[in-house]
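Below: one structure, written as structure tokens.
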Amino acid sequence: MTLLSVSNVTNGYGATIVDRDVSLTLADNEIVTILGPNGAGKSTLLKTIVGLVKPRIGSISLNGEDVTGLAPDAMAKRGVVLVPEGRRIFADMTVEENLRLGAYARRDATGVDADVRTMERFFPILATKRRHKGGSLSGGQQQMLAIARGLMARPRVLLLDEPSLGLSPLLVREIQAIILDIGQRFGASVLLVEQNAGLALSVASRGYLMQNGRIAISGPIGELRDMSLMRELYLGGITEKIP
């Protein structure tokens with residue numbers, strides 16, 4: 001069943017058009033990746049889905065409901081949550097305070113308390129750093145905190161923007177395992193924007209390749225691996241592997 005549908009979306013900033021006539025779908029309990037070179041429009045597309053950028057043309061629907069142009073807080077209440085590029089945790093707040101901010105739209109205090117403990121079990125390092133300031137964490141720990149904060153909203157759709165950025169290969173493998181486990185543990189579908197082609201192709205069932213703000217090719221991951229355009233755009237990066 002289609003959970004999220006983006007139909008013929010064109011967007012941009014001021015006079016600049018970034019994405020043109022972009023369409024994609026995401027089903028329940030599915031991981032889908034959006035690949036493409038820098039400047040292809042991937043992050044702007046995620047921002048448009050979550051309501052940070054308004055589409056100029058096209059529509060976005062969630063479980064059959066038209067949510068085009070809704071503000072980020074309204075989208076979060078409907079279960080669409082963005083974990084942005086660069087983590088953007090609150091450096092002067094503790095790990096636990098960061099987690100609780102992820103649940104700002106919820107009114108079930110008991111459930112929020114329980115989910116904080118759930119996140120600490122899913123990300124054990126966060127339990128040991130509970131009272132530490134977010135800014136004192138390493139890059140990998142901050143990324144785990146950012147994902148956990150997103151999950152605190154109990155999302156139906158989790159948008160991940162470059163979660164492996166700046167991480168060591170060992171930490172990338174940890175992020176890989178976390179992404180693969182999100183659907184089973186939290187019931188969320190994942191739309192992943194990722195420059196690390198090895199990571200993206202190892203976790204997703206389907207993918208979209210963007211070029212110059214448009215969807216160039218799309219399909220099951222097995223098919224995308226063999227397409228010459230993928231190799232051409234990634235200049236060999238598509239052969240990167242993650243065990």
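Computed over heavy atoms, backbone and side chain alike; hydrogens, waters and symmetry mates excluded. What you are looking at is a predicted structure, and each value in this text was computed from that prediction instead of being measured.
Counting heavy atoms from C-beta on, the side chains of Met210 and Leu45 come closer than 4.5 Å. Contact annotation: the side chain of Arg100 approaches that of Val116 to within less than 4.5 Å [non-hydrogen atoms, C-beta and beyond].
The line from CG of Leu82 to CG of Leu158 is 8.5 Å long, rounded to the nearest 0.5 Å. Note that CG of Leu70 is 9.0 Å distant from CG of Asp73, once rounded to the nearest 0.5 Å.
Taking Ile, Leu, Val, Met, Phe, Trp and Tyr as hydrophobic and joining them when side-chain heavy atoms fall under 4.5 Å apart, one finds Val18 in a cluster with Tyr13, Val53. Residue Met93 shares its hydrophobic cluster (ILVMFWY side chains chained together at separations under 4.5 Å) with Phe90, Leu101.
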Take Arg214 and Asp21, measure what salt bridge (charged side-chain N to carboxylate O under 4.0 Å, His left out) needs, and give me the verdict at the end. CA-CA 7 Å; Arg214 297 181 183 271; Asp21 196 31; 5.1 Å; no
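Thr33 and Glu194 are not linked by any side-chain donor-acceptor pair at a separation below 3.5 angstrom, with hydrogens and angles left out of the test. Thr48 and Asn11 form a side-chain donor-acceptor contact under 3.5 Å, judged by distance and modelled atom types alone. Inspection of the Ser43 and Asp161 side chains reveals an N or O donor paired with an N or O acceptor under 3.5 Å.
Within 6.0 Å of CD on Glu65 lie more than 12 heavy atoms contributed by other residues, nucleotides or ligands.
Tracing side-chain contacts under 4.5 Å through hydrophobic residues (I, L, V, M, F, W, Y), one reaches Ile60 starting from Leu52; they form part of the same cluster. Each of Leu165 and Ile89 belongs to its own hydrophobic cluster when Ile, Leu, Val, Met, Phe, Trp and Tyr are linked at side-chain heavy-atom distances under 4.5 angstrom.
Leu26 approaches Ser189 most closely through the heavy-atom pair CD2-CB, 3.7 Å. Tyr208 and Ser218 get closest at one heavy-atom pair: CD2-CB, 3.4 Å. Closest approach of Arg106 to Asp108, counting heavy atoms only: NH2-OD2, 2.9 Å.
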